[in-house]
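Remember, it's a predicted structure, so these values are computed and weren't measured experimentally.
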Amino acid sequence: MSAVAAAGTSVAGFTAGAHAHGSSGSDPVGLDWEAEIPEIRGYPTLNELHHTAKAIRRGFPKRVELRTLGRSRGGQDMLMLSVGKGRNNALVLGGPHPNEPTGFLTALHLARLAAEHPDLAEGLDVTWHIVLCMDPDAMRLGQGWYGGPHTIRNYYGKFYRPAFRNQVEWTFPVEGGFDRPLPETRQLMAVIDELKPKLVYTLHSSDFTGFHFMMNRDVPELVSGVERAIAQRGLPFHAAPTDGEATPLGRGAFLLPKTFATTSGEQLVPGASSIQYAERHGALGILPETAMWHSPGFGNTRGSGHRYSTLAGRAADEVERDGEMLAEVVRRTSDRLPRHSPYSAAVTENLESIERSVRAYRRMASEPAYDREATVAERSDLLWMNHTLCLRPGGMLLQMLEGVSDDTRDIRRMRKELREWFVRRCAQMRRQFPGRAVDLRDLTALQLDVAFTAARCL
């Protein structure tokens with residue numbers, strides 16, 4: 001830590017000295033690295049991310065290389081740190097989505113720990129190649145809540161996530177299909193083809209779901225390592241991932257689906273993911289979903305006392321009502337909202353997702369297969385999806401309205417009504433998901449634990 005701290009870095013977790021914090025278990029190389037992760041109070045902004053990466057490079061010039069892969073569409077540098085001299089290339093990708101910032105902490109602490117402790121690189125026969133942020137432009141727009149407070153209202157009130165066609169993570173080419181990768185995606189494709197990595201660890205996370213990791217093949221040692229890493233930190237397992245139909249491999253571990261589709265079977269993303277692209281080189285791929293808020297209901301497989309079909313019908317009614325309200329706000333303000341705003345494309349796509357979800361819920365409400373008792377985990381999934389389907393576009397639309405300079409009575413009224421709806425929705429979500437924000441140090445350590453276990457499996 002000392003070399004990085006001496007460099008004057010400003011990201012929380014890098015200026016304080018390491019302190020004794022209970023380790024959750026033995027490391028693959030026998031090093032108590034977790035005790036060296038200090039308290040973390042916030043997520044880094046893009047400037048802080050780059051500043052800290054450069055400080056790590058200066059602190060360990062013989063062990064760390066810093067490379068600029070290119071620039072984003074908005075002119076931001078895409079940086080990659082390489083640490084160690086092991087035979088196996090391990091590619092770690094931070095920031096696939098701006099609303100999933102845990103990976104930024106993981107990326108920085110992985111680079112720092114591997115630079116300080118050769119056992120975490122050469123000892124595992126790995127060279128760590130760490131792309132700090134896959135989509136720096138999106139990070140710029142979505143980082144408003146990173147410093148806190150880490151509340152539902154602040155998270156959704158400053159929310160940004162691009163439309164799928166503008167997401168770097170989901171625009172890798174598909175053989176015989178999608179072939180319009182974004183410039184940032186092309187840069188990552190070039191790195192993957194150059195390194196031919198044995199491991200690709202794309203650092204996703206989540207908000208209220210339980211804890212689970214998805215992987216592109218069944219590796220028993222990795223599956224058991226995932227279960228241990230989650231359980232030893234007292235975190236709730238997720239009973240079933242929400243992204244597509246994934247096959248369970250063990251507690252907290254699932255096989256990645258070949259395609260990502262909606263509940264109605266429609267293809268959700270335009271192209272392939274980073275992990276799917278790297279499979280051409282035989283890479284082991286891991287996608288973590290580590291929740292920022294503690295919600296044990298997602299791992300509870302007991303009966304909820306509610307019929308699944310009834311819950312689906314209620315969800316359809318609720319989401320349809322709020323979706324129509326949001327669509328009406330867009331219709332009445334479209335001539336005054338910025339036409340080429342990235343928020344606009346994202347809001348439009350989210351409203352289309354609401355329509356698809358309503359159709360899927362109506363189908364589930366009427367099909368005999370869903371006329372059964374839902375588990376607590378299934379009920380939690382439905383409630384979470386209902387809120388996030390509406391709060392994501394609602395939060396982005398509210399940000400757009402609050403930025404409109406036209407202060408007519410009509411705009412003021414709609415802004416006020418939308419803000420009041422938004423506050424009520426956030427409060428309702430807070431009541432239905434009582435709990436606490438997960439310690440950022442625990443989230444970082446969990447993702448690191450799985451990274452080191454995966455490296456041992458290569």
Query raised in the report: If you count the non-hydrogen atoms of other residues, nucleotides and ligands that lie under 6.0 Å from CZ in Arg165, is the total more than 12?
Result: no
Query raised in the report: Under 6.0 Å between the ring centres of Phe208 and Trp384?
Result: no
**Report entry** CA sep, side-chain torsions, deciding dist, call: Phe237, His212, ring-ring contact (aromatic ring centres under 6.0 Å, His included)
**Finding:** CA-CA 6 Å; Phe237 290 91; His212 62 284; over 10 Å; no
Query raised in the report: Near Glu65 CD, under 6.0 Å, is it more than 12 heavy atoms from other residues, nucleotides or ligands?
Result: no
Query raised in the report: So His109 and Thr444, side-chain hydrogen bond (donor to acceptor under 3.5 Å, both in side chains) or not? Walk me through it.
Result: CA-CA 8 Å; His109 282 281; Thr444 304; 5.6 Å; no
Query raised in the report: Between Tyr160 and Tyr343, does a ring-ring contact (aromatic ring centres under 6.0 Å, His included) hold up when you go through it step by step?
Result: CA-CA 7 Å; Tyr160 174 69; Tyr343 287 89; 4.9 Å; yes
**Report entry** Stacked cation flag Arg280 on Tyr277, 6.0 angstrom / 45 deg
**Finding:** yes
Report task. For Asn166 and Arg161, run side-chain hydrogen bond (donor to acceptor under 3.5 Å, both in side chains): C-alpha distance rounded to whole Å, both residues' side-chain angles, the deciding distance at 0.1 Å, then the answer. Result -> CA-CA 9 Å; Asn166 295 324; Arg161 179 168 170 144; over 6 Å; no
Query - Lys/Arg cation over aromatic Phe159: Arg392, 6.0 Å, 45° cone - result: no
Query raised in the report: When you look at Met385 and Val319, which way does the side-chain contact (heavy atoms from CB on, under 4.5 Å) test go after all the steps?
Result: CA-CA 9 Å; Met385 184 60 73; Val319 173; over 6 Å; no
Query raised in the report: Can you say whether the rings of Phe213 and Tyr201 are parallel (under 30°), tilted (30 to 60°) or perpendicular (over 60°)?
Result: parallel
Query raised in the report: Judged by modelled atom types alone, do Thr68 and Asp77 share a side-chain donor-acceptor pair under 3.5 Å?
Result: no
Query raised in the report: What is the distance from atom CD of Glu378 to atom CZ of Phe298, rounded to the nearest 0.5 Å?
Result: 12.5 Å
**Report entry** Neighbour count >12 (heavy atoms, 6.0 Å) for atom CZ, Arg436
**Finding:** yes
Report task. Show your reasoning for whether ring-ring contact (aromatic ring centres under 6.0 Å, His included) applies to Phe211 and His238. Result -> CA-CA 5 Å; Phe211 287 76; His238 196 69; 9.5 Å; no
Report summary line: Between Leu108 and the options Leu113, Ile130, Leu132, the side-chain contact (heavy atoms from CB on, under 4.5 Å) test singles out Leu132
Requested in this report: List in chain and number order the residues that pass ring pair (Phe, Tyr, Trp, His ring centres under 6.0 Å) with His387, two or more places apart in sequence or in another chain; answer none if no residue qualifies.
Outcome: none
